[in-house]
Amino acid sequence: MNDTEVILLITEGERLDIRILNQVKKSFLPEKSVKIFPICLNIYNLYKKMSQYDDFGTEFIDIFVVIKEIIQEQNSSNNTEFLALKRSQISEIFLFFDFDGHDTLVSQYPNCINEMFELFSDETENGKLYINYPMVESYKHPVKNQIEIIDIFNKTHYKTFVASICDKRLEQISKMDKNAWLDLFLPHLKSSNHLFFHKFELPKNYVETQEISQLAIYEKQKQQHIDPNKQVMVLSSFSWFLLEYLGEPLFLEWQNIDNQGLSQ
């Protein structure tokens, strides 16, 4: 990779999302040129804005230009460094959003997430989308030996709820090293596997992980939790971003950590 090539990470929020990804970058991608910018819209509002473009849903739309225009429109995300970037400088694009199933726009745009996954399915083209269930704060939700299910329309906001039950050390993100992140994300991979095979365990091998797509995870969430029960399984998608980006060597690290835990 030459000096001008950039891995572009687009986040929904401008605080916690960026803090997490900065530490992930430091621990797992130290040699990469990674730029992180917030769009300051949730996925439903982004979809609403994008659908106003005549070329939306066609092969002719230039997603990078659209995102640039949307970011430029907002004072909260208008970033001169991002606006100066050219498409030719960017090698890969990744987008990170919350599921936000309680949002009032969910019923107005029922096909939003399906269409966004179809649009953002390749990091070297339009970009690749990852969704946290229910929100970015899911990274610190205690997930131990079984999946965690929560109500979408809970009286207590998820941010407040998870802050009351989490290990407070996980809120000190700057102090977390690579091993801490590996330990933290491991049960989220097991939870994902549970959606497909009803077993809270890592996939048997790396090849099995390649059969699990982000769209398939969403469809399983809808089938098993969202549609029948208005619930969602807690899942931090940062684990999948790392696994899909770094591949089998990282999977083997997780497998080794898991095997050590099982033997104790």
Side-chain angles (χ1 to χ4, degrees), residues 12 16-17 20-21 24 28 43 94 96-102 113 117 128-152 154 158-159 161-167 169-170 176 178-248 250-262:
E12 173 176 333
L16 181 57
D17 316 52
I20 292 172
L21 285 171
V24 164
F28 294 91
I43 194 166
F94 299 92
F96 301 88
F97 284 85
D98 296 348
F99 170 60
D100 279 338
H102 61 281
I113 294 183
F117 270 128
K128 186 158 190 178
L129 171 65
Y130 292 89
I131 289 184
N132 292 301
Y133 303 89
M135 305 174 73
V136 64
E137 286 81 5
S138 60
Y139 86 95
K140 60 183 179 181
H141 192 120
V143 182
K144 300 299 183 183
N145 300 311
Q146 60 183 19
I147 62 172
E148 289 288 319
I149 307 295
I150 64 156
D151 293 330
I152 293 172
N154 202 312
Y158 181 70
K159 288 183 182 180
F161 170 70
V162 76
S164 70
I165 64 170
C166 74
D167 183 337
R169 289 174 295 181
L170 300 180
M176 295 176 63
K178 180 180 177 180
N179 288 332
W181 288 111
L182 286 171
D183 288 341
L184 184 67
F185 289 145
L186 176 59
H188 290 271
L189 294 174
K190 292 182 178 183
S191 294
S192 306
N193 195 58
H194 191 280
L195 284 171
F196 295 85
F197 304 107
H198 305 289
K199 294 180 179 179
F200 188 79
E201 59 185 30
L202 272 179
K204 292 184 176 62
N205 50 58
Y206 177 65
V207 173
E208 279 196 2
T209 71
Q210 294 178 295
E211 297 171 1
I212 298 175
S213 70
Q214 297 309 299
L215 174 58
I217 287 174
Y218 171 65
E219 290 175 338
K220 289 292 186 182
Q221 287 267 32
K222 272 183 67 67
Q223 176 188 341
Q224 297 175 28
H225 305 296
I226 298 169
D227 288 345
N229 303 315
K230 292 183 171 56
Q231 295 177 321
V232 70
M233 185 192 76
V234 173
L235 180 61
S236 176
S237 67
F238 298 120
S239 57
W240 277 98
F241 163 64
L242 287 171
L243 177 59
E244 293 181 339
Y245 195 84
L246 296 174
E248 189 168 16
L250 183 60
F251 175 79
L252 294 176
E253 281 192 66
W254 264 314
Q255 197 172 54
N256 184 51
I257 292 169
D258 192 39
N259 288 338
Q260 289 177 355
L262 293 173

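These figures come from a predicted structure and were not determined experimentally.
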Partners passing salt bridge (charged side-chain N to carboxylate O under 4.0 Å, His left out) against [X] (at least two apart in sequence or in another chain):
| X | result |
| --- | --- |
| K230 | none |
| E219 | none |
| E244 | K128 |

To the nearest 0.5 angstrom, please state how far the [atom1] atom of [X] sits from the [atom2] atom of [Y].
| X | Y | atom1 | atom2 | answer |
| --- | --- | --- | --- | --- |
| L170 | L184 | CG | CG | 5.5 Å |
| H194 | K220 | NE2 | NZ | 12.0 Å |
| D17 | D98 | CG | CG | 6.5 Å |
| D100 | I43 | CG | CD1 | 9.0 Å |
| N179 | I257 | CG | CD1 | 6.5 Å |
| N145 | K190 | CG | NZ | 7.5 Å |

Could you tell me which residues satisfy side-chain hydrogen bond (donor to acceptor under 3.5 Å, both in side chains) with [X], sequence neighbours excluded, listed by chain and number?
| X | value |
| --- | --- |
| H141 | E148, Y158 |
| S192 | W240 |
| N193 | none |
| Q221 | none |

Practice problem: From the options L250, D258, L252, select the one residue that forms a side-chain contact (heavy atoms from CB on, under 4.5 Å) with W254. | Solution: L250
Exercise. Step by step, work out the side chain to side chain contact (heavy atoms under 4.5 Å, CB included) result for I226 and I152.
Key: CA-CA 8 Å; I226 298 169; I152 293 172; 4.0 Å; yes
Exercise. Could you walk me through whether F96 and E12 pass the side chain to side chain contact (heavy atoms under 4.5 Å, CB included) test, one step at a time?
Key: CA-CA 6 Å; F96 301 88; E12 173 176 333; over 6 Å; no
Does any non-hydrogen side-chain atom of [Y] lie less than 4.5 Å from one of [X]?
| X | Y | answer |
| --- | --- | --- |
| F117 | I131 | yes |
| E137 | L16 | yes |
| E253 | L246 | no |
| Y218 | L195 | no |

Using the test ring pair (Phe, Tyr, Trp, His ring centres under 6.0 Å), find all partners of [X] that sit at least two apart in sequence or belong to another chain.
| X | result |
| --- | --- |
| Y139 | none |
| F99 | Y133 |
| F94 | F241, Y245 |

Practice problem: Walk me through it: do L243 and F185 pass the test side chain to side chain contact (heavy atoms under 4.5 Å, CB included)? | Solution: CA-CA 10 Å; L243 177 59; F185 289 145; over 6 Å; no
Quiz item: Is a donor on one side and an acceptor on the other found under 3.5 Å between the side chain of S138 and the backbone of L235?
Solution: yes
Practice problem: Begin with the C-alpha distance, continue with both residues' side-chain angles, and end with the deciding distance and a verdict on side chain to side chain contact (heavy atoms under 4.5 Å, CB included) for D167 and K140. | Solution: CA-CA 7 Å; D167 183 337; K140 60 183 179 181; over 6 Å; no
Output a table of donor-acceptor pairs, distance under 3.5 Å, between side-chain atoms of residues 196-206 and any protein atom two or more places apart or on a different chain; print 'none' if there are none.
from: N205; atom 1: OD1; to: V207; atom 2: N; distance (Å): 3.2
from: N205; atom 1: OD1; to: E208; atom 2: N; distance (Å): 3.0

Quiz item: Where do S236 and H188 come nearest, in terms of heavy atoms and distance?
Solution: N-ND1, 2.9 Å
Exercise. Provide the closest heavy-atom pair for S237 versus N132 in the form atom of the first, atom of the second, distance.
Key: N-OD1, 2.8 Å
Self-check item: I149: partners by side-chain contact (heavy atoms from CB on, under 4.5 Å), with sequence neighbours left out
Solution: I147, H225, Q231, M233
